[in-house]
Amino acid sequence: MDQGLAPAEDARRAPRPPRLWRPRRVVVTPAALDHAHGRAMVARLEAEGLSVERLAANRLSLPRQADPRRAYADAKATLALTVAPPTKLRLQPIPPSADWRFDLAEGCPAHCQYCYLAGSLSGPPVTRAYANLGEILDNLGGYAGRGGVTSASAARAAEGTTFEASCYTDPLGIEHHTGSLSAAIAHFGAWEAPVQLRFTTKFAAVSPLLGLRHERRTRIRFSVNARSAARYEGGTDPLDARLDALRQVAMAGYPVGLTVAPILPIPDWERAYAALIEDAADALAGVPDLDLTAELITHRFTPGSKEVLQGWYPGSDLPLDEAERSRKLTKFGSVKYVLPKPQMDAMRSAITGQIARILPAARVLYWT
């Protein structure tokens, strides 16, 4: 908060305490208990008063439900401590975000009606936290200096080799149960090389991260959207809490970022996104040595993700009408629906212009 705020004004701006997800069911596989981090997660969860069910085998199973909505709810309320399979150790590039993606977990406890994971991950949407953390982090060294996304970009080479940790999860949303994100930040802080850990989040419980020795090798980005889109982001922290957390980590010296996503064709969108950028500018006012980026991601969907999302959220009014979109083919030959080019061009021009005018400290990394 700005130092000059009067106590009454400061109290009005104070956000609610961060949301801390509490699963209804926690299970751990035998293989996870073979790892020190797996045992540490069990101890942490049991200290929180949660019952941890020891599975007899490494295969996860959920009680059968005839109602698909009940099956979805049960899966979303489940945290499983498992071991990342060998395929997770063969890293893949993740353009345009980072050179490589790696996973501390898979799945997310939030209920975003446009969820990027819908149609991408197979099986029930259980959140899986990986116990073989040491193996995951030690594996990263073989990829340093080999990136072709940011490392090979003249505009972004100063970021070093970048590693994205939030492709298939929101690591901050489960950090109070796992401790994995703090361990990753400490790992990068001790890694004396041109490397950067990156993650984005819709949560605000950043207190465990503030005292870590990050050495500015972790960029924390907050996924934000216009206030009128809040109804699509169930189970997450509200915008004001995220912006307050953004300020906290920036004041703690972290490089930070705004992931404006998904940019939606909401009514009066130009004014709505200008207000969002103004709110971010207010939150970051007076931060010393601010290192700020912006990533701008428009809404898109596939036939598969639409089917999954409409099953999960049958009452949603999220715009998923193919007739209002442009049909595109990905490099893999699959179909996706994006905003029509005239609308895309208008939104890009307006929103990037707003950032340049209202929040000139932000470097726009990409629009997609």
Sequence-distant partners of Gln92, side-chain hydrogen bond (donor to acceptor under 3.5 Å, both in side chains), two or more places apart:
none

Is the side chain of Gln113 donor-acceptor paired with the backbone N or O of Arg231 at a distance under 3.5 Å, no angle test?
yes

Hey, any chance Ile263 and Tyr116 share a hydrophobic cluster, counting ILVMFWY side chains that come within less than 4.5 Å of each other, even indirectly?
no

Shared hydrophobic cluster, Met344 / Tyr273 (ILVMFWY, side-chain heavy atoms < 4.5 Å):
yes

Closest heavy-atom contact between Ala250 and Leu284?
CB-CD2, 4.1 Å

Would you check if the side chain of Asn225 reaches a backbone N or O of Pro262 as a donor-acceptor pair within less than 3.5 Å?
yes

Between Arg198 and Glu295, is the salt bridge (Lys or Arg N to Asp or Glu O under 4.0 Å) condition met? List the steps.
CA-CA 12 Å; Arg198 293 162 49 80; Glu295 295 158 79; 2.8 Å; yes

Charged N to carboxylate O under 4.0 angstrom, Asp240 versus Arg242?
no

CA sep, side-chain torsions, deciding dist, call: Glu135, Tyr130, side-chain hydrogen bond (donor to acceptor under 3.5 Å, both in side chains)
CA-CA 10 Å; Glu135 185 180 19; Tyr130 295 136; over 6 Å; no

Neighbour count above 12 (heavy atom, 6.0 Å) for Glu192 CD
no

Whether the side chain of Thr161 engages the backbone of Gly145 through a donor-acceptor N/O pair (distance < 3.5 Å, no angle test) should be reported.
yes

For the CD atom on Glu46, are there more than 12 heavy atoms of other groups (residues, nucleotides or ligands in this structure) within a distance under 6.0 Å?
yes

Sequence neighbours excluded, which residues qualify as ring-ring contact (aromatic ring centres under 6.0 Å, His included) partners of His111?
Tyr72

Derivation and outcome, salt bridge (Lys or Arg N to Asp or Glu O under 4.0 Å), residues Lys88 and Glu106
CA-CA 11 Å; Lys88 291 289 186 181; Glu106 183 178 286; 2.8 Å; yes

Is the backbone N or O of Ala110 less than 3.5 Å from a side-chain atom of Lys76, with the two atoms forming a donor-acceptor pair by type?
yes

Please confirm whether the backbone N or O of Ala252 pairs with a side-chain atom of His214, one donor and one acceptor, at under 3.5 Å?
yes

Picking from Trp100, Trp191, Phe163, what satisfies ring-ring contact (aromatic ring centres under 6.0 Å, His included) with Tyr143?
Trp100

What is the minimum heavy-atom distance between Ile266 and Ala272, and which atoms define it?
CD1-CB, 3.8 Å

Assess whether atom CZ of Arg271 is packed by more than 12 heavy atoms of other residues, nucleotides or ligands within 6.0 Å.
no

Please walk me through it: do Tyr232 and Ser316 pass side chain to side chain contact (heavy atoms under 4.5 Å, CB included)?
CA-CA 8 Å; Tyr232 300 126; Ser316 175; 4.1 Å; yes

Any side-chain heavy atom of Val256 within less than 4.5 Å of one from Arg221?
no

Walk me through whether Glu159 and Thr150 qualify under side-chain hydrogen bond (donor to acceptor under 3.5 Å, both in side chains).
CA-CA 7 Å; Glu159 298 175 54; Thr150 64; 5.1 Å; no

Would you give me the side-chain donor-acceptor pairs under 3.5 Å for residues 332-342, sequence neighbours excluded?
{"from": "Ser334", "atom 1": "OG", "to": "Thr330", "atom 2": "OG1", "distance (Å)": "2.7"}
{"from": "Lys341", "atom 1": "NZ", "to": "Asp345", "atom 2": "OD2", "distance (Å)": "2.7"}

Just by modelled atom types, is the Ala84 backbone N or O under 3.5 Å from a matching donor or acceptor in the Asn132 side chain?
yes

If hydrophobic clusters are built by linking Ile, Leu, Val, Met, Phe, Trp and Tyr wherever their side-chain heavy atoms come under 4.5 Å apart, do Phe222 and Ile277 end up in the same one?
yes

Can a donor-acceptor pair be found, under 3.5 Å and without considering hydrogens, that links the side chain of Asp170 to the backbone of Cys108?
no

Can a side-chain donor-acceptor contact be found between Ser182 and Glu175 if the only test is distance below 3.5 angstrom?
yes

Cationic N near anionic O, under 4.0 Å, Arg363 to Asp291
yes

Please determine whether a side-chain nitrogen of the Lys or Arg among Glu322 and Arg325 lies less than 4.0 Å from a carboxylate oxygen of the Asp or Glu.
no

Under 3.5 Å side-chain donor-acceptor pair for Arg59 and Ser61:
no

Under a 3.5 Å distance rule, please check whether Asn58 uses its side chain to pair with a backbone N or O of Thr29 as donor and acceptor.
no

